[in-house]
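Right, one structure below, let's go through it.
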Amino acid sequence: MIKGYREKSYILLFAVCYLLFAVSGCSFRPYHKETRLMMGTFVEITCQDKAAINGAFEEIRKIEKLANKFDPISEISRLNKDGQVKASVDFIFLIKESLKYYGLTNGAFDITVSPLVDIWKQKIKEAEEKKSAFLLPDKNEIKDKLRLTGSDKIIINDAEQLIKFAQAGMSIDLGGIAKGYAVDKAVKRLKAQGINSALVNAGGNIYSLGRKGKRKWRIAIRNPRNPQKLIFYLDLENQAVATSGDYEQYFISGGKRYSHIINPKTGEPVDNGIVSVTIIAPDATTADALSTCVFVLGKEEGMNLIKKINHVEAKIITNDDISDNR
Ligand code: ADP
Ligand code: MG
C-alpha cells in the first residue's frame, strides 16, 4: 500500500515538473554566443536561434565593407581617394548622423579628423616596428593637417546620392560611429527574423534586445585602469550602451598616456582627465557617437550636452575618480 502511494507521488511530481517545463519552455531554450573578429574588434552575438545569428553578422559585414578605411574598394576609401563617391543609403545615413553630432558639439565630433588620426597612428606604428621611442608628430605637420579638417566641408547631394569634399586632400574616419550603427543594423535583422531576446556587442558598443528570460540583460562595466575589477552593473532592456575610453586603444610615451581620440581644435589626442565615458541611449548609433562626443568635450561641457538630449544618460570616469588605480 505504501509502495503504491509512493509511485503515485512520483508520477504526480513528474507531471508537475513536465507542466512547469511546458509552461516556461521558452526560457529553458539555451542561448548561443558567437564571436567574430570584425570592424577591428570582437563582435559577439548572443541569442537562442543559431541561424538568426548568421543573418545579424551579415549586416555587420555590410557596414564594415563600406566604412573600412583599410579596404581600398570600400565607399569610405573611394571617397577619401577621389574626393567624391556615389554613396549607398547606409553610407549617406552615417555621414548625416556624423554631421548632426558635429553641429551638436560645435565641431568636437568631427569625422574629418582622419588625417590627424592617421599621423598619430603612424607614429605609434613606427615606434613599434623600430622598437624605438615614440616620437611626437611635428607641430607643422599637425597644423597642415588641421587645414584639411571641418565637417562643414562635406557636401551631400541627395538627388544624385553623391558625397563630395569641398577641399582636396580631405579624408574621413567613421571609427567613432560605425560600430554603433552596425550593431543597430544587426538588431534590426534579428527582429526581422522574429527574435525578441538577444545581446549584440561590437567592442563595447552594445544593444540589449528584450530580456534574458525573466531578467533584464546585465552588462558589467569594468574599471578602465584595472579591467579585472567591475565598477558597476547596468540592467538593460531594449537599450544601448557604449563606452569610449583611453584604455582599449592608447599609447604611452615619456610616461604620458595618449588617447586615440583627437581634439579637432588642437589636432592632438584629447587630454582632459577623462578616462572613460559610458553612454546609455535608445539605440547603439547614438550611444557610440555620444561617447566620443563627450570624451572630446570634457566632463562639464559633455554633461551639458547630455542634459539636452532626451532618454540619454552618461557616466564619466576621470583620473581623479580612480587615482588609486592609476
Ligand atoms: P572605439 O573606436 O575605441 O570604440 P570611439 O567610439 O570613442 O572608440 O571612437 C574612436 C575613434 O573615432 C577613433 O579611433 C577615430 O577613428 C575616431 N575619432 C577620433 N577622434 C574623433 C573626433 N574628434 N570625432 C570623431 N571621430 C573621432
Ligand atoms: Mg564612439
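Note that ligands are numbered from 1 as they come in the structure, with each ligand's atoms numbered from 1 the same way. Count residues from 1 along the sequence. No hydrogens, no waters, no symmetry mates; every other heavy atom, side chains included, goes into these values.
Residue contacts with ligand 1: A108 is included, with a non-hydrogen atom under 4.0 Å away. Heavy atoms of F109 approach ligand 1 to within less than 4.0 angstrom.
Considering backbone and side-chain atoms together, I262 places an N or O closer than 3.5 Å to an N or O of ligand 1. On a distance-only criterion, S291 and ligand 1 share no N/O pair closer than 3.5 Å. The N/O atoms of K179, backbone and side chain alike, include one that comes under 3.5 Å of an N/O atom in ligand 1. Residue V117 has no nitrogen or oxygen atom sitting less than 3.5 Å from a nitrogen or oxygen atom of ligand 1, judged on distance alone. Checked by distance only, ligand 1 and G176 come closer than 3.5 Å through their nitrogen or oxygen atoms.
One option in K121, H260, K265 has a heavy atom closer to atom 1 (P) of ligand 1 than any other, and that option is H260. Taking each of T149, L174, V113 in turn, the one with a heavy atom nearest to atom 21 (C) of ligand 1 proves to be V113.
Listed here is the closest heavy atom pair of W217 and G210: CD1-O, 3.2 Å. Taking every heavy atom of both residues into account, I172 and F91 meet most closely at CD1-CZ, 4.2 Å. Across all non-hydrogen atoms, the minimal contact from G267 to W120 is O-NE1, 2.9 Å.
Y102 and T112 form no side-chain donor-acceptor contact under 3.5 Å, judged by distance and modelled atom types alone. Using modelled atom types and a 3.5 Å distance limit, the side chains of N80 and S77 yield no donor-acceptor pair. For the 3.5 Å distance criterion, the side chains of T278 and T243 qualify, holding a donor opposite an acceptor.
In summary, the atoms of ligand 1 found under 4.0 Å from a heavy atom of G175, numbered by their order in the structure, are 2 (O), 6 (O), 9 (O), 11 (C), 12 (O), 16 (O). Heavy-atom contacts of S244 reach the following atoms of ligand 1: 5 (P), 6 (O), 7 (O) (cutoff under 4.0 Å). Set against the non-hydrogen atoms of I261, the atoms of ligand 1 under 4.0 Å away are 7 (O), 10 (C), 19 (C), 20 (N). Every atom of ligand 1 with a heavy atom of D288 under 4.0 Å away is listed here by number and element: 6 (O). Listed by number with element, the atoms of ligand 1 under 4.0 Å from a non-hydrogen atom of T292 are 5 (P), 6 (O), 7 (O), 9 (O).
For the side chain to side chain contact (heavy atoms under 4.5 Å, CB included) test, residues two or more places apart in sequence or in another chain that qualify with Q167 are L148, K153, M170. With sequence neighbours excluded, the residues forming a side-chain hydrogen bond (donor to acceptor under 3.5 Å, both in side chains) with S88 are E75, listed by chain and number.
Residue contacts with ligand 1 for P264 involve side-chain atoms from C-beta outward but no N, CA, C or O (heavy atoms, distance under 4.0 Å). Residue contacts with ligand 1, taken as heavy atom pairs separated by less than 4.0 Å, involve D110 solely via the backbone atoms N, CA, C and O.
With hydrogens and angles disregarded, no donor-acceptor distance shorter than 3.5 Å links the side chain of T35 to the backbone of E44. Of the possible donor and acceptor atoms, one in the side chain of D184 sits under 3.5 Å from a partner among the backbone N and O of T285.
With values rounded to the nearest 0.5 angstrom, I155 atom CD1 is found 10.5 Å from L162 atom CG.
Vertex the Mg ion (ligand 2), arms ending at OG1 of T292 and OD1 of D288: the angle is 160° after rounding to 10 degrees.
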